[in-house]
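Every value quoted in this text rests on a predicted model; they were computed, and no experiment measured them. All chains are named by letter (A, B, ...) in the order of the sequence lines, taking the proteins before the strands, and each is independently numbered beginning at 1.
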Amino acid sequence: MTAPPIAPARLQRYWLMKSEPDECSIDDALAAPHATVPWTGVRNYQARNFMRDEMQVGDGVLFYHSSCSEPGIAGIARIVSRARADPTQFDTASPYCDPRSPSDKPRWLLLDVQAVRKTRLIGLAELRKHPELTGMQVLQKGNRLSITPVDAAHWERILQLSVD
DNA sequence: GCCAACGTTGGC
DNA sequence: GCCAACGTTGGC
């Protein structure tokens, strides 16, 4: 008797997500209920499409601090929900309000991100010192995307670096 | 605060 | 669809 076919599990994927620590640092995320924060404020279609089409519960996240004195990877997190409408797009008091987003067809999405642990700060200069990481999107010139896919090899290497 | 790089907008 | 103007990002 052969075992019934089992749908192959989707490969876990990995992402780098930028957050301004003034708005939500890794410490803020760890201090939130269930260490989970709704990833509000993404207003770029490519990043939105990653959330909508590619990111799944269980995916790994490099929590990156941007636009701050020490930009770099600050923690590890995971995706804990599918994408849904970002309510801040309809909040006229929010800096993320988008009056052109139709309420019956929300333009902007978010998903929930659960902080797993803080790491030592792995800064940009350090990341660039490792030739095996030079392909990372966050290290490319002119990179601005707030969510970028991360290769499994890069993920593993950064986990190693984080405990050095 | 500077400025390079990039995304978006909107006239044509 | 082109592309100039403008706004934003984000490291430095």
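- Nucleotide C:dG10 holds its P atom 13 Å from the CZ atom of A:Arg128, rounded to whole Å.
- Comparing B:dT9, B:dG7, B:dA5 by their nearest atom to the side chain of A:Arg100 picks out B:dT9.
- Counting only heavy atoms from C-beta on, A:Leu124 has its side chain closest to C:dC12 among B:dG7, C:dC12, B:dA4.
- One interatomic measurement links the two molecules: CG of A:Asn44 to P of C:dT9, which rounds to 10 Å at whole-angstrom precision.
- Remark: aromatic rings of A:Phe50 and A:Trp39 are distant, center separation not under 6.0 Å.
- For A:Trp108 and B:dG7, the CH2 to P distance is 13 Å, given to the nearest whole Å.
- The separation between A:Asn143 atom CG and C:dT9 atom C1' is 9 Å, rounded to whole Å.
- Annotation: A:Glu70, atom CD; neighbour count of heavy atoms from other residues, nucleotides and ligands within 6.0 Å does not exceed 12.
- Distance from the side chain of A:Lys141 is smallest for B:dA4 among the nucleotides C:dG10, B:dA4, B:dG7.
- Regarding A:Leu127, its CG atom lies at a distance of 15 Å from the C1' atom of C:dG10, rounded to whole Å.
- Between the P atom of C:dT8 and the CG atom of A:Leu145 lies a distance of 17 Å, rounded to the nearest Å.
- With rounding to whole Å, A:Tyr45 atom OH is found 11 Å from B:dG7 atom C1'.
- For A:Tyr45 and A:Trp108, the ring centers sit closer than 6.0 Å to each other.
- Using modelled atom types and a 3.5 Å distance limit, the side chains of A:Asp28 and A:Ser25 yield a donor-acceptor pair.
- Residue A:Tyr64 has a polar side-chain atom (N or O) positioned under 4.0 Å from OP1 or OP2 of C:dG11.
- Atoms CG (A:Leu139) and P (C:dT9) sit 20 Å apart, rounded to a whole Å.
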